[in-house]
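Heads up: the structure comes next, in structure tokens.
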Amino acid sequence: MVFQDESAAIPKEKVPFAEQVERYRVPPGARVTLADYPPDPSEPLKRGRAQKLLKRLRKQLNSLQELLYATGDHAVLVVLQGMDTSGKDGVIKRVVSAFNPQGFEVSGFKVPTPEELAHDFLWRVHARVPRRGMVGVFNRSHYEDVLVVRVDGLVPEPVWRQRYAAIREFEALLAANGVVIVKFFLNISKEEQAARLRDRLEDPTEHWKFRSGDLSARAKWDAYMAAYEAALEECSPPEAPWYVVPANNKAYRDAVIAQVLVNRLEALQMEWPPLPADSSGIVIE
Ligand code: ADP
């Protein structure tokens with residue numbers, strides 16, 4: 001189903017939205033067929049509800065991030081992956097921006113530099129992992145090393161095949177050190193991508209976003225989907241789950257991501273730290 005009005009997209013169900021979004025989580029060890037994960041929301045909703053919901057979730061995210069900083073016990077790592085035009089930048093603009101700018105850092109990962117290539121594939125990524133108290137957002141990530149690298153055959157198959165295990169171990173190490181990892185695959189349909197690429201060609205304010213290279217990845221759509229299925233299947237343990245987010249509808253996509261982040265942060269059951277022991281009985285004159 002394609003929605004004309006993207007503000008009309010939150011399903012009208014009795015199940016609370018906080019629970020609904022968990023249906024997009026990839027269970028550990030499950031076989032993944034992307035055809036089972038729709039790129040459109042399951043039901044249309046009343047106009048304006050998505051924006052209202054996002055407004056509320058943004059407020060929650062803002063105070064949860066402050067609590068994260070105040071307690072300093074955990075870091076949060078948000079991984080954004082998806083085909084070109086799937087909305088990675090849009091999510092940063094509309095969801096991640098809810099955080100205090102002092103509390104988060106966005107890292108983009110492009111074609112590796114010669115220096116990066118001279119190290120193991122996780123080297124550049126590890127350096128960008130957030131410290132405790134902070135949120136780190138990866139716009140593309142170490143998963144490119146089993147996506148574009150696999151599809152384009154940039155390293156021999158035995159090399160990319162062993163990377164799934166390396167990624168699992170890397171993420172387990174981070175999780176054991178207090179990093180909460182949440183990974184989002186922004187799931188758009190091939191038709192929706194065509195429409196968005198056409199917009200880039202037609203709208204002068206979007207021309208700068210158009211890269212002819214995007215078309216070569218589009219031409220390998222099926223190979224990319226197979227590579228995504230393998231990554232989702234191999235690397236979605238409970239401590240670092242993937243969510244396959246319906247991303248054809250921007251308002252719904254944003255609300256789902258914001259809600260998942262709220263869920264993950266609330267699950268930490270963080271408490272405001274008390275006054276330091278030596279401050280009791282102090283009177284400010
Ligand atoms: P954006 O992330 O905004 O699309 P670019 O248009 O510069 O930025 O795209 C970044 C490009 O870098 C993508 O084509 C992506 O596949 C590529 N890339 C990222 N990581 C790797 C990697 N490890 N090996 C090869 N290419 C990579």
Side-chain angles (χ1 to χ4, degrees), residues 10 15-28 49-82 87-107 125 128-139 141 143 170-186 235-247 250-274:
I10 306 296
V15 184
F17 193 59
E19 280 173 43
Q20 287 178 40
V21 298
E22 294 301 328
R23 70 168 71 136
Y24 301 125
R25 180 177 173 142
V26 177
R49 241 196 100 196
Q51 277 97 337
K52 245 176 147 171
L53 187 56
L54 185 60
K55 202 170 162 198
R56 175 171 64 72
L57 291 166
R58 282 176 56 92
K59 273 197 190 139
Q60 280 179 274
L61 281 177
N62 187 276
S63 55
L64 283 163
Q65 186 269 320
E66 196 167 25
L67 195 48
L68 181 86
Y69 185 80
T71 54
D73 294 329
H74 293 90
V76 175
L77 174 58
V78 181
V79 169
L80 298 174
Q81 283 287 165
K88 300 183 286 296
D89 295 315
V91 169
I92 293 167
K93 219 153 101 178
R94 283 187 287 270
V95 181
V96 176
S97 59
F99 297 127
N100 178 337
Q102 293 194 92
F104 75 89
E105 205 165 42
V106 178
S107 304
V125 177
R128 308 299 304 170
V129 170
R131 67 184 65 194
R132 293 188 193 92
M134 295 287 288
V135 179
V137 181
F138 283 2
N139 184 349
S141 66
Y143 283 93
F170 170 63
E171 292 181 354
L173 169 79
L174 300 184
N177 280 277
V179 184
V180 174
I181 307 168
V182 202
K183 301 174 295 197
F184 297 104
F185 168 51
L186 309 183
C235 303
S236 192
E239 73 273 16
W242 273 107
Y243 286 79
V244 180
V245 179
K250 295 176 184 172
Y252 186 77
R253 171 201 75 198
D254 293 343
V256 168
I257 291 178
Q259 182 68 67
V260 169
L261 291 175
V262 165
N263 289 358
R264 300 282 295 174
L265 282 160
E266 282 186 336
L268 294 176
Q269 300 189 307
M270 296 177 284
E271 303 271 356
W272 291 104

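Since this is a predicted model, take the numbers as computed values, not measurements. Residues take their numbers from the sequence shown, with the count starting at 1. Quick note: numbers below take in every heavy atom, side chains included, and nothing from hydrogens, waters or symmetry partners.
For the atom pair CG of N139 and CD of Q81, the computed distance is 8.5 Å after rounding to the nearest 0.5 Å. Annotation: the span from H74 atom NE2 to L68 atom CG amounts to 8.5 Å, rounded to 0.5 Å. L80 CG to I257 CD1: the interatomic distance, rounded to the nearest 0.5 Å, is 6.0 Å. Rounded to the nearest 0.5 angstrom, F99 CZ and E105 CD are separated by 13.5 Å. Within the model, atoms CD of E266 and CG of L67 stand 10.0 Å from one another, a figure rounded to the nearest 0.5 Å. Note that CZ of F185 is 9.5 Å distant from NZ of K88, once rounded to the nearest 0.5 Å.
Across every non-hydrogen atom of E171 and A240, the tightest pair is OE1-CB, 3.5 Å. The shortest non-hydrogen separation linking A75 to P130 is CB-O, 3.5 Å. Annotation for R25 and P238: closest pair NH2-O, 3.5 Å, computed over non-hydrogen atoms. Closest non-hydrogen pair, G87 versus L186, comes out as C-CD1, 3.5 Å. Shown here for R264 and P241, the closest heavy-atom pair between the two residues is NH2-CD, 3.6 Å. Counting all heavy atoms, side chain and backbone alike, R94 lies closest to L54 at O-CD2, 4.1 Å.
Contact check for C235 versus K183: side-chain heavy atoms found under the 4.5 Å cut-off. With contacts defined as side-chain heavy-atom distances shorter than 4.5 Å, the pair E66/W272 qualifies. Side-chain contact check for V125 versus F138: some heavy-atom pair is nearer than 4.5 Å. Considering only heavy atoms from C-beta on, E239 stays 4.5 Å or farther from I181 through its side chain. In this structure the side chain of Q102 never reaches within 4.5 angstrom of the side chain of Y69, judged on heavy atoms. The shortest distance between side-chain heavy atoms of F184 and R253 does not fall below 4.5 Å. When side chains are defined from C-beta on, V96 does not count as touching V78, because their heavy atoms never get closer than 4.5 Å. A 4.5 Å side-chain heavy-atom check between V91 and D254 finds at least one atom pair inside the cut-off.
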Can V95 and L61 be said to form a side chain to side chain contact (heavy atoms under 4.5 Å, CB included), step by step?
CA-CA 9 Å; V95 181; L61 281 177; 4.0 Å; yes
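Judged purely by distance below 3.5 Å, without hydrogens or angles, the side chains of T71 and R132 never pair a donor atom with an acceptor atom. Side-chain contact of Q259 with N263: a donor-acceptor pair under 3.5 Å is present, judged by distance alone.
Using a distance-only test at 3.5 Å, with no hydrogens or angles considered, a donor-acceptor pair links the side chain of N177 to the main chain of L173. Proximity of a side-chain donor or acceptor of Q20 to a complementary backbone N or O of V15 within less than 3.5 Å is detected.
Using a 30° and 60° split on the angle between ring planes, Y143 and W242 fall in the perpendicular class, above 60°. Between Y252 and F17, the two ring planes are perpendicular [angle over 60°; tilted spans 30° to 60°].
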